[in-house]
Each structure stands twice: as structure tokens, then as C-alpha cells.
Amino acid sequence: MPQKLYFTVGPSELYPTLPAHIQEALDKKIGTISHRGKAFQDIFKNCVYQLRTLMNIPDTHHIFFLSSATEIWERILQNCVDQKSLHLVNGSFSKRFYEFAVELGKTPEKIQTDFGKGFFAKDIAIPNTCEAICVTQNETSSGVCMPLNEIYLLKQKAPNALLFVDSVSSVPYPDYDYKIVDSVFFSVQKCFGLPAGLGVWIVNEKCIEKANLLLAQKKSIGTYHSLPSLFGKAKDFQTPETPNVWNIFLLGKVAEDMNNKGIQQLRKETDTKAAMLYEYFNSSKNFSIAVSEPVHRSATTIVANTAINASEVNKKLEPYNMVVGSGYSSYKETQIRIANFPALSIEQTEKLIEALKKELQ
Ligand SMILES: *Cc1c(COP(=O)(O)O)cnc(C)c1O
């Protein structure tokens with residue numbers, strides 16, 4: 001059976017160099033080595049080095065490994081928020097982040113838009129008691145993004161609040177200014193094309209200071225994955241627990257491949273593929289672009305309304321061995337979502353568009 005090509009937005013198509021890296025991991029017995037030994041420290045160091053290079057992360061920020069982005073939501077709230085976080089909610093991921101704050105007994109606020117709509121900073125009022133601004137740069141459920149300059153304007157409005165950016169389905173495409181952004185996080189099964197089970201949390205000293213402040217006030221900041229605990233171990237290129245060594249190794253390798261290609265090239269290809277997909281949806285009889293505001297259209301998660309059911313679209317793609325993502329939740333059949341991730345080439349995206357054109361115009 002020929003393998004299918006997955007344009008789904010997570011888990012997603014694996015990065016093409018992965019089989020060779022997995023073989024190397026087997027050869028080096030990466031699944032068996034001690035996480036307290038030098039071999040692991042080298043894997044940790046390489047991964048951090050490659051990510052710093054790829055994402056231009058300065059020394060002001062630390063890089064920690066956790067189990068998922070979902071976990072990182074909880075750790076942010078435990079470590080960096082005593083009472084009030086502000087959440088920009090425009091889809092199910094940002095909504096879940098907000099709900100975690102409620103479940104943890106905080107008093108968060110949310111500003112909500114309709115599904116498929118984004119935010120402009122000028123419309124956002126930030127309460128002066130706000131400790132953390134929580135933004136989802138790329139809402140994977142709706143295909144809405146928040147332009148970086150709009151995110152930065154939020155920080156101008158509330159310089160004392162910490163700025164947290166969920167960039168799970170866009171890293172490494174956005175070029176963040178770490179002088180403004182206190183923390184960015186992602187997991188690896190989206191744009192890095194890796195198996196799920198690893199979350200990466202980038203934080204500056206201010207986040208760690210806040211956690212230490214809460215600790216000094218005898219507040220609970222969690223246990224093994226508190227920021228002081230992660231920081232203490234990361235200084236020694238280790239993690240508090242037995243981590244996902246396998247995936248830390250693979251992430252270092254894929255990030256290295258991306259560095260060899262060059263981040264500018266990767267961004268250029270992302271722009272090219274996004275333009276192709278949006279252009280097609282704009283001219284198609286069956287599809288229309290779901291996000292009406294052009295500046296809020298994601299470059300990495302392309303969402304279209306579909307006149308025939310999403311499951312029908314995938315049936316039509318079966319002979320081509322291609323799969324697109326269905327819509328999120330109640331949009332399951334009325335929208336399709338297409339991953340525009342680095343694992344998928346311009347050529348593969350062209351082939352998808354050709355197949356859709358042929359079957360559905
Ligand atoms: C997928 C996703 C998450 C959750 O990632 P997990 O690895 O499942 O925890 C969070 N935020 C966004 C925007 C996502 O796309």
C-alpha cells in the first residue's frame with residue numbers, strides 16, 4: 001500500500017529526514033542511555049543550541065522541555081500568575097488555556113471573538129491588575145493568527161504584565177522579538193513534524209522571578225516542573241524527571257536540518273505555499289477562505305469553508321493518497337484545515353491543489 005500524505009494540522013506529516021534520525025537514535029541506543037549521563041547532556045545541549053540558532057533566541061531566555069503544550073498552559077498559570085491572567089480567546093485552544101486558569105482557582109479574564117475572527121490590540125483593554133497576557137499566536141482550530149506587531153502592542157499597554165505566546169502551530173515561522181515577548185511555547189507534532197509527546201517552553205528571567213516570588217509567599221507553584229526546578233536542572237543540561245530523551249534528540253536533529261536549509265528559506269517557502277493555497281480557495285467553486293480579515297489569515301494553518309462535507313473531500317482525495325484536516329469540532333464537516341508546515345514541500349502542496357481542482361474545481 002502506498003503511504004498517504006497528511007496535510008492534517010496535528011499530528012502532522014513527519015519531517016522527511018526523520019527515518020534517518022530514528023535509525024541513528026536506534027544505533028546510538030538513545031532509548032536506553034541514562035538521562036543523568038554525559039550522552040544525554042550533549043543531546044540536551046545540541047537541541048537547545050539548534051533551537052536558539054533557528055529561532056534566534058537570546059541568552060536572556062531559557063529553554064525547558066516538558067511533556068506537551070497543554071502541560072505548559074498549566075505550568076504558566078501555576079508559576080507566573082497569582083490571581084489574574086488575561087486571555088485573548090478566539091478558538092478552542094485559547095479557550096482551554098483560559099479554562100485552566102479557572103480550574104486552578106485563579107480569577108482570569110477573557111476577551112472573546114467569534115470563531116474565525118482575530119484581535120487588534122487597539123480594541124483590547126488590559127486591567128491594571130493583570131499579571132499575565134496570554135495570546136495564541138496561531139489558533140489551530142480556526143486558522144486565525146495574531147500579527148506579531150499587534151502582540152507587541154499589548155505589551156506596550158501593560159509593560160508590567162508578563163507576555164505569554166502560544167505558538168504551537170506556527171514556530172519556527174514567526175520571527176519573535178524576545179526583548180518584548182517574555183515567553184513562547186510549542187509542541188513538536190505540528191511544525192517540526194515529530195511524533196507527539198514533547199513541549200518546549202522558552203522563558204525569560206522575569207518569569208522565573210515571578211515563580212520565586214510566589215514561592216516566597218508560600219503559594220503553590222507545582223512540584224517537579226515548577227520553573228525553579230526546571231531552571232535548576234537545565235543549568236546542568238538535565239531535566240527533573242526522566243524526559244522524552246528520544247524526542248529531544250530528534251528535535252535537535254530536525255532543527256539542525258532546518259538550520260541547514262536556512263530559516264529565511266523556510267519562511268519564504270511557507271509564504272509561497274500559503275499564497276498558493278489561499279489563491280486556490282479564493283478562486284474555487286467548492287471552497288472559500290474561512291478567515292475574512294486578510295491580516296488574520298494564518299500562514300501555517302489554512303482553513304477553508306467547504307460546500308461539500310469535509311469527509312467527502314477526503315474521499316475524493318483517497319485515490320491521490322492525500323488527507324486534509326477536517327474542521328474543528330462543530331465545523332468538522334463544513335471546513336477543511338490544511339497544514340502548511342515545513343515537512344510539506346511546495347511540490348506536494350501543488351499536487352494537493354491540482355487534485356482538489358480536478359475533483360472539486
Ligand atoms: C495543538 C495545540 C496545543 C496543544 O498541544 P499538545 O501538544 O496537544 O499539548 C495548544 N495550543 C495550540 C495552538 C495547538 O495547536
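Treat the numbers as computed from the prediction; the structure is a model and nothing was measured. Just so you know, ligand 1 is whichever comes first in the structure, and atom 1 is the first atom listed for that ligand.
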Legend entry - Under-4.0 Å heavy-atom contact with ligand 1, by part of N138 that carries it: backbone
Legend entry - Proximal ligand 1 atoms for T140, defined as those under 4.0 Å from one of its heavy atoms: 12 (C), 13 (C), 14 (C), 15 (O)
Inset, instruction - Kindly give the heavy-atom pair with the smallest separation between K157 and I124, and that separation in Å. - result: NZ-O, 2.7 Å
Inset, instruction - Starting from atom 4 (C) of ligand 1, find the nearest protein heavy-atom neighbour and note its residue, name and distance. - result: T70 OG1, 3.7 Å
Inset, instruction - Run through I336, L356, L360 and flag the one making a side-chain contact (heavy atoms from CB on, under 4.5 Å) with L317. - result: L356
Inset, instruction - Write out the residue and atom name of the closest protein heavy atom to atom 10 (C) of ligand 1, then the distance separating them to 0.1 Å. - result: W73 CZ2, 3.3 Å
Inset, instruction - Answer with side chain, backbone, both or neither: which part of K190 has a heavy atom less than 4.0 angstrom from an atom of ligand 1? - result: side chain
Inset, instruction - Report the part of D166 in contact with ligand 1, treating N, CA, C, O as backbone and CB onward as side chain, heavy atoms under 4.0 Å; options are side chain, backbone, both, neither. - result: side chain
Legend entry - Sub-3.5 Å N/O-N/O distance, V168 and ligand 1: no
Legend entry - K38 to F40, cation-pi by 6.0 Å centre distance and 45° axis angle: no
Inset, instruction - Assess whether atom NZ of K332 is packed by more than 12 heavy atoms of other residues, nucleotides or ligands within 6.0 Å. - result: no
Inset, instruction - Report yes or no: is the cationic atom of K190 (NZ for Lys, CZ for Arg) closer than 6.0 Å to the six-membered ring centre of F93, at no more than 45° off its axis? - result: yes
Inset, instruction - Check F97 against ligand 1 and report side chain, backbone, both or neither, counting heavy atoms closer than 4.0 Å. - result: neither
Legend entry - Within reach of ligand 1, part of Q189 (heavy-atom separation under 4.0 Å): side chain
Legend entry - Sub-4.0 Å atoms of ligand 1 with respect to non-hydrogen atoms of S187: 5 (O), 6 (P), 7 (O)
Inset, instruction - Evaluate the ring-ring contact (aromatic ring centres under 6.0 Å, His included) criterion for residues F44 and F65: first the C-alpha distance (whole Å), next the side-chain angles of each, then the deciding distance (0.1 Å), finally the verdict. - result: CA-CA 9 Å; F44 187 116; F65 299 110; 5.1 Å; yes
Legend entry - K95, NZ atom: more than 12 neighbouring heavy atoms under 6.0 Å: no
